[in-house]
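First comes the structure, then the notes that go with it.
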Amino acid sequence: MKNIVLILVMFLAGFSLAKAQRLMQGKKGIELSAGIAWGKDFLPTPYYIQAGMTMTRKKGNYLLWALDYSRRKYAFEGTEIPVESFAGEGSYNLYVLGDWSRTVSLYVGLGAVAGYETINESKKILPSGAVILNEDHFMYGGAVRLSLETYLGNRVVLLVQGKTRYVMGTTLERLRPWAGVGIRFIF
């Protein structure tokens with residue numbers, strides 16, 4: 001009987017140690033995410049894809065450096081006008097709420113974003129003869145991210161996130177909300 005209790009205690013101790021190692025400072029991860037963009041004038045296919053690298057800091061907070069691509073389409077007199085953005089983002093994500101083992105956690109991130117935006121693949125004249133007055137621009141601004149994260153294993157995290165960017169240097173809308181899902185692999 002003592003052996004069974006000893007084995008059970010060792011198993012539980014090892015299990016809790018494995019969870020404790022999840023949020024160690026200096027751990028790195030690769031994050032991939034995709035989602036949709038919201039807006040009133042978009043056709044039904046606005047999307048974004050993002051790839052990034054994370055580094056865990058103190059208290060389970062983490063830094064995120066990411067590159068993303070987004071594509072939206074606007075309708076004008078029966079013509080679709082594509083708008084593509086290529087951007088880099090750096091943010092610091094703070095742990096806000098979660099269970100005692102941090103298997104499920106809520107994070108809020110604040111960051112900066114910079115990139116380039118092209119309108120209609122840099123073509124100024126539409127097939128109808130209309131001229132696009134908006135120009136391609138470098139854009140920059142800030143970002144706020146709300147992320148619900150859960151561990152699927154010791155090295156795999158599932159993300160559900162919503163984020164908003166406020167960008168300047170563009171001739172289109174400045175406030176850009178997104179929602180998506182992602183996965184992070186920690187190494």
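These numbers come from a predicted model, not from an experiment.
Tracing side-chain contacts under 4.5 Å through hydrophobic residues (I, L, V, M, F, W, Y), one never reaches Val167 starting from Tyr74; they form parts of separate clusters. Both Tyr140 and Leu175 belong to a common hydrophobic cluster when Ile, Leu, Val, Met, Phe, Trp and Tyr are linked at side-chain heavy-atom distances under 4.5 angstrom. Leu64 and Tyr48 fall into different hydrophobic clusters, defined by Ile, Leu, Val, Met, Phe, Trp and Tyr side-chain heavy atoms under 4.5 Å apart, directly or through other members. When hydrophobic clusters are built by joining Ile, Leu, Val, Met, Phe, Trp and Tyr residues whose side-chain heavy atoms come closer than 4.5 Å, directly or via intermediates, Leu148 is not grouped with Val144. Linking ILVMFWY residues whenever their side-chain heavy atoms come closer than 4.5 Å, directly or via other members, leaves Val113 and Phe138 in distinct clusters.
Looking only at side-chain heavy atoms (C-beta outward), Ser70 and Arg176 stay at 4.5 Å or farther from each other. Counting heavy atoms from C-beta on, the side chains of Met139 and Arg174 never come closer than 4.5 Å. Contact of the Thr54 side chain with the Asn93 side chain is not registered, since no non-hydrogen atoms from C-beta on lie closer than 4.5 Å. Between Thr171 and Ile119 the shortest side-chain heavy-atom distance falls below 4.5 Å.
The CD atom of Glu117 sits 9.0 Å away from the NE2 atom of His137 when rounded to the nearest 0.5 Å. Rounded to the nearest 0.5 Å, atoms CG (Leu158) and OG (Ser33) are 11.0 Å apart. From Glu84, atom CD reaches atom CZ of Arg72 across 10.0 Å, with rounding to the nearest 0.5 Å. With rounding to the nearest 0.5 angstrom, the CG atom of Leu126 is 8.0 Å from the CD atom of Glu77. With rounding to the nearest 0.5 angstrom, the CZ atom of Arg145 is 11.0 Å from the CH2 atom of Trp178. To the nearest 0.5 Å, atoms CG (Leu106) and CG (Leu97) are separated by 6.0 Å.
Hydrophobic clustering, defined by side-chain heavy atoms of Ile, Leu, Val, Met, Phe, Trp and Tyr closer than 4.5 Å, groups Leu63 together with Met55, Trp65, Tyr92, Leu94. Here Ile49 is tied into one hydrophobic group with Tyr47, Tyr69, Phe86, each link being a pair of ILVMFWY side chains closer than 4.5 Å.
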Side chain to side chain contact (heavy atoms under 4.5 Å, CB included) between Ile186 and Thr56, intermediate numbers included: CA-CA 10 Å; Ile186 299 171; Thr56 307; over 6 Å; no
Stepwise side chain to side chain donor-acceptor pair (under 3.5 Å) test for Glu149 and Ser105: CA-CA 5 Å; Glu149 304 178 3; Ser105 301; over 6 Å; no
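Taking each heavy atom of Leu172 and Thr170 in turn, the nearest pair found is N-OG1, 3.2 Å. Smallest separation of non-hydrogen atoms from Ile183 and Leu159: N-CD1, 4.2 Å. Across every non-hydrogen atom of Gly88 and Leu67, the tightest pair is CA-CD2, 3.9 Å. Nearest heavy atom pair, residue Pro46 against residue Ala37, reads CG-O, 3.2 Å.
With Phe76 as the partner, the side-chain contact (heavy atoms from CB on, under 4.5 Å) test is satisfied by one option alone out of Asn120, Ile81, Ile132: Ile81.
Panel note: side chain Lys124, backbone Ala130; no donor-acceptor pair is recorded below 3.5 Å.
A 6.0 Å sphere centred on NZ of Lys28 holds no more than 12 heavy atoms belonging to other residues, nucleotides or ligands.
Between Glu89 and Lys163 there is a salt bridge, since at least one side-chain N of the basic residue sits less than 4.0 Å from a carboxylate O of the acidic one.
Contacts of Tyr107 classified as ring-ring contact (aromatic ring centres under 6.0 Å, His included), with partners at least two apart in sequence or in another chain: Tyr62, Tyr95.
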